[in-house]
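Below: the structure, in structure tokens.
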Amino acid sequence: MPGFWLFKSEPDVFSIHDLAASKGKKTTWEGVRNYQARNMIRDDIQRGDGVLFYHSNTDPMSIAGIAEVVKSGYPDHFAQQPGHKYFDEKATPENPIWYMVDIKLVRIFEQPVTRGMLAAHPVASQMMVLKKGSRLSIQPVTAAEWQAVQELASA
DNA sequence: GCCAACGTTGGC
DNA sequence: GCCAACGTTGGC
């Protein structure tokens, strides 16, 4: 049984359309600098898991489509590149501190699932992303929530 | 643009 | 180890 996750991205920085335009429709997911999210990347997120691709800080905010994890957690080598925007002087090959995964586009929703649509659904309204002050950029999603989002996207 | 929520930093 | 100050996130 695969796991399910929600990944946040600001579309001005990297949108699902940028993912679609990427080579092989794949991308690395580097730059996560929060320990709770790091732990999920390093320990829990597995190849084959489903990813809800969420567009934050835009209008309207929505789940824009689905991706799939194609490579589980491995060291975020950008943390070890001086001058890189994700450089962290404490990261070393022995202790990389930060981790990343690779994801691949599965599909872009014809109709994005907005926060309003999520909030109006009995199951989807319980999602972490709707909770006030929920700043985690990577969040676990239950199988029921995943199913609810699929239904909303095809309704 | 505002501001509440939250994580991190650093002085003590 | 506490906690105030600070910077960032992200919804509105």
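A note on names: the letters A, B, ... follow the listed sequences, proteins ahead of strands, and every chain is numbered from 1. These values consider heavy atoms only, across backbone and side chains, with no hydrogens, waters or symmetry-generated copies.
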Consider only side-chain N and O atoms of A/Asp43 and A/Tyr99, and report whether a donor and an acceptor are under 3.5 Å apart.
no
Is A/Arg33 paired with A/Asp76 through a side-chain N to carboxylate O contact shorter than 4.0 Å?
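Judged by the 4.0 Å cut-off on N to carboxylate O distance, A/Asp76 and A/Arg33 do form a salt bridge.
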Would you kindly give the [atom1]-to-[atom2] distance between [X] and [N], to the nearest whole Å?
{"X": "A/Ile97", "N": "B/dT8", "atom1": "CD1", "atom2": "P", "answer": "12 Å"}
{"X": "A/Glu89", "N": "B/dT9", "atom1": "CD", "atom2": "C1'", "answer": "14 Å"}
{"X": "A/Arg33", "N": "C/dT9", "atom1": "CZ", "atom2": "P", "answer": "12 Å"}
{"X": "A/Ile138", "N": "C/dT9", "atom1": "CD1", "atom2": "P", "answer": "14 Å"}
{"X": "A/Lys131", "N": "B/dA5", "atom1": "NZ", "atom2": "P", "answer": "16 Å"}
{"X": "A/Lys132", "N": "B/dA5", "atom1": "NZ", "atom2": "P", "answer": "4 Å"}
{"X": "A/Gln36", "N": "C/dT9", "atom1": "CD", "atom2": "P", "answer": "16 Å"}

List the atom of A/Ala124, the atom of A/Leu152, and the distance in Å for their closest heavy-atom pair.
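In terms of heavy atoms, the two residues are closest at CB-CD1, 4.1 Å.
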Side chains of A/His55 and A/Thr114 in contact at under 4.5 Å (non-hydrogen atoms):
no
What orientation do A/His84 and A/Tyr86 show, parallel under 30°, tilted 30 to 60°, or perpendicular over 60°?
tilted
Measure up the A/Trp29 and A/Phe7 rings against each other and bin them: parallel (under 30°), tilted (30 to 60°), perpendicular (over 60°).
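Taking A/Phe7 first and then A/Trp29, their aromatic rings sit tilted (interplane angle of 30° to 60°).
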Please list, pair by pair, any protein nitrogen or oxygen found under 3.5 Å from a nitrogen or oxygen in nucleotides 10-12 of chain C.
unit_1 : atom_1 : unit_2   : atom_2 : d
C/dG10 : OP1    : A/Lys8   : NZ     : 2.9
C/dG10 : OP1    : A/Arg135 : O      : 2.8
C/dG11 : OP1    : A/Tyr54  : OH     : 3.0
C/dG11 : OP2    : A/Asn57  : N      : 3.2
C/dG11 : N7     : A/Asn57  : OD1    : 3.4
C/dC12 : OP2    : A/Arg115 : NE     : 3.3

